[in-house]
Number of protein chains: 2
Amino acid sequence: MVTIKDIAKAAGVSVTTVSRALNGYDDVNEDTRQKIKDIAQGLGYSPNMAARSLISKKTKTLGLLLSNVTRASSKDNIAFEILCGMNDRAGELDYDLVLFSTTPQKQKIKSYKTLCQERGVDGVIIMGIRLDDAYLKEVVSSQIPCVLIDIPLEGPNVGYVTSDNVGGAYRAVSYLLEAGHRKIGVVNGHSQADVSVQRLKGYKQALERFGIPFDESLVMDGSFSEAGAKEAVYRLLAQQPDITALFCISDLMALGALQAVRGLGLQVPGQVSVVGFDNIDVTAYCSPALTTVNQNKYEMGYQAAQMLIDLLEGRKVSHRLVLDTELIIRESVSAR
Amino acid sequence: MVTIKDIAKAAGVSVTTVSRALNGYDDVNEDTRQKIKDIAQGLGYSPNMAARSLISKKTKTLGLLLSNVTRASSKDNIAFEILCGMNDRAGELDYDLVLFSTTPQKQKIKSYKTLCQERGVDGVIIMGIRLDDAYLKEVVSSQIPCVLIDIPLEGPNVGYVTSDNVGGAYRAVSYLLEAGHRKIGVVNGHSQADVSVQRLKGYKQALERFGIPFDESLVMDGSFSEAGAKEAVYRLLAQQPDITALFCISDLMALGALQAVRGLGLQVPGQVSVVGFDNIDVTAYCSPALTTVNQNKYEMGYQAAQMLIDLLEGRKVSHRLVLDTELIIRESVSAR
DNA sequence: AAGGTTATCCGAAACGTTTCGGAAAACGGC
DNA sequence: GCCGTTTTCCGAAACGTTTCGGATAACCTT
């Protein structure tokens, strides 16, 4: 390994000068700087990050805390797209991304702070975490800069980015209402996810606009899973056979809903219309192609990384970013 | 930040003893060790990785080099599933995973070695790289341990894991042949991917078993993309209208093939049967559901991480791992 | 009681970098 | 030729850890 010392020797200057030359300080002669740079280049020098961050206390790495992201959830590639966005922006700004996935079991052992310190990350992006997760409380109180995905929490070192869930749901449900549907079932996630409450809020707002009272019994949790949604829809349609449309809080659950509806011998969209949320890739290929609400997942990741780095580098910046959503109309809704 | 020094002071011993106590050396009294451990715990100590790796020259991190993985390719979540497997195994063995995605443009600037040194990774897993990529040559010659995904390259510090591509293709094509198909088009990737040549080999072997001569003109490259495959199939079917089945080297391309076939007003599988490769999630939902060859993507990642760590820690281990594939029969093939 | 062994501890150097405080040399003004 | 300023450089300390080579004291062995 070639060090700054080797360069210093080769150039006949001190290590201080090499360091300052390479780091662009202005108290070094341009000729000297060029000479040093040439030598560094010739020797194939690359700085030792460990030594550097030992001094600077910065590692130039961002942690990505994926709670509960297992192979099972890989079907909805939301996490991956967000990750791509993060990775791209981090790369552009010369930060590294290190993954650490935790399981509820692991979390008992190591505190959030310990985890971050040990990995030596400057800041963290957290996604897929439940609102009642113990980590969440630690986050706000800890000093480590952090941005959350889809969790509305702000603090001096905490920000978040999310989609316009209310608006998206509002538009999706309005679309159903405009198509003549009046009894619209909701397949919700679970209460410990902010998107669940936001999207339900959008549902209610749309109902209100059409003067339709909200009926609690039309809402059922599907726990964000395909199987969970399937079962929820079976129960929902058994209790309320006159439901003509289903608003599913996530596409994965919409897929489960599709199966359930068909399992009951009903047609989609002929007898029951279905709309989802997320616009995951499968929705364009399944049959019928799913009408859904697009979220800009890549952008979420991209902006999350941007926000975190802004936080890290002490820039004044909004700690809250809500991205637009868009209704994607396909074939799973028919007029009534 | 609480350091080893603080612990030493609190415990009334030297930093040496603290270090040795915490690292399980046996030349420290058990009582002393326990006392030190308690103090460390109480103070919330966590070791400074930078300092540690400055000395040890190990970072306990694995690099993941994703060449050309963009948001576009997120549709086939293969990369993500592999990543999940890698991340899990790395986590189990107490390694971190850092991502660095490169673009051909970036590669010009930094050499493979520089990149790895700078990021300070102990070893690298590389995937999605083309056979003619300049990095590849560097890899074998470099000293940095490395495992490749789907690229058969071995060396003292280099290993790879891949799927049984020949066998998978053989079974898929045999299945078509057994269904009575005799003129089977191939939508290949491009020549700079090993899977392309392996899967084509399997195709040829199956043909041979049935005594059918290989016809070069039945093969067309689709460049691993949906759009590329679509165009390839248009051309293929225009030239050879009596093709009754298509073997697509990847599911993404099979999806494109589906569109092309339908675009020509033909039925799948009624008039043209289609089989894919990979078993990506969409294949179970698209219509018709795609018959394809499953590769165990998660396992690939898992084993790749295992192999790399074995390499790093100097264990004697096979530098070559080929995972089984399995034919998944769905609805896109009919008998003839 | 001398010599040898074992158990337990420690001082100091080393890893590669940044940075603080200064110092030498060159220059300008008068 | 003196003084102040600017330019360009450097020595040494510091970051937190590991590790080498001992050192001390207690315990055996004969």
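Quick caveat: nothing in here was measured; it's all calculated off a predicted structure. Reckoned from all heavy atoms, side chains included, excluding hydrogens, waters and symmetry mates.
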Here the distance between atom P of D:dG16 and atom CE of B:Met1, to the nearest Å, is 7 Å
Figure out the CD1/C1' separation between B:Ile36 and C:dC9, and round it to whole Å.
10 Å
What nucleic acid atoms does B:Asp27 come within less than 4.0 Å of, heavy atoms only: base, sugar-phosphate, or nothing?
base
May I ask you to evaluate whether A:Tyr45 reaches the phosphate of C:dT17, defined as a side-chain N or O under 4.0 Å from OP1 or OP2?
yes
Using a strict cut-off of less than 4.0 Å between a Lys/Arg side-chain nitrogen and an Asp/Glu carboxylate oxygen, indicate whether A:Asp122 and A:Lys60 qualify as a salt bridge.
no
Without decimals, in angstroms, what is the distance between A:Lys5 NZ and D:dC10 C1'?
15 Å
Under 6.0 Å between the ring centres of A:Tyr160 and A:His319?
no
Any donor-acceptor N/O pair under 3.5 Å between D:dT19 base and B:Ser19 side chain:
no
Within this structure, what is the CD1-to-C1' distance between A:Ile55 and D:dC15, rounded to whole angstrom?
5 Å
Checking contacts here: which listed nucleotide (C:dT18, D:dG16, D:dC10) is nearest the side-chain heavy atoms of A:Val15?
C:dT18
Do the side-chain N or O atoms of A:Arg52 get closer than 4.0 angstrom to the phosphate oxygens (OP1, OP2) of C:dT18?
yes
Can you measure B:Met49 atom CE to C:dC15 atom P for me and round it to whole angstrom units?
22 Å
Whichever of B:Ser56 and A:Lys57 has the more 5' nearest nucleotide on DNA chain D, that residue is A:Lys57
Quick one: on DNA chain D, does B:Thr16 or B:Ala51 contact a more 5' nucleotide (nearest heavy atom)?
B:Ala51
According to the interplanar angle, ranging from 0 to 90°, do the rings of B:Phe80 and A:Phe80 count as parallel (below 30°), tilted (30 to 60°) or perpendicular (above 60°)?
tilted
Calculate the interatomic distance between A:Asn48 atom CG and D:dG16 atom C1'; express it in whole Å.
14 Å
Identify the two heavy atoms, one from A:Cys146 and one from A:Leu148, that lie closest to each other, and give their separation to 0.1 Å.
SG-CD1, 3.9 Å
For the pair A:Gln192 (side chain) and A:Arg130 (backbone), establish whether a donor and an acceptor sit closer than 3.5 Å, ignoring hydrogens and angles.
no
What nucleic acid atoms does B:Asn29 come within less than 4.0 Å of, heavy atoms only: base, sugar-phosphate, or nothing?
sugar-phosphate
Between C:dC9 atom C1' and B:Leu22 atom CG, what is the distance in whole Å?
16 Å
If each of B:Asp26 and A:Val2 is mapped to the nucleotide of DNA chain C with the nearest heavy atom, which maps nearer the 5' terminus, i.e. the 5' end?
B:Asp26
Mind checking if A:Thr3 touches a base, just sugar-phosphate, or nothing, with heavy atoms under 4.0 Å?
sugar-phosphate
Return yes if the base of D:dT17 and the side-chain atoms of B:Ser53 contain a donor-acceptor N/O pair under 3.5 Å, otherwise no.
no
Nearest-Å distance, CZ (B:Arg20) to P (D:dC20)?
8 Å
Whether the side chain of B:Ser14 and the base of C:dG11 hold a donor-acceptor pair under 3.5 Å is what I'd like checked.
no
Toward the 5' end of DNA chain C, which comes first, A:Asn23 or B:Gly12, by nearest nucleotide?
B:Gly12
When you check the phosphate oxygens OP1 and OP2 of D:dT18, does a side-chain N or O of B:Tyr25 lie under 4.0 Å from one of them?
no
Minimum heavy-atom separation for B:Leu308 and B:Val147, please, with both atom names.
CB-CG1, 3.3 Å
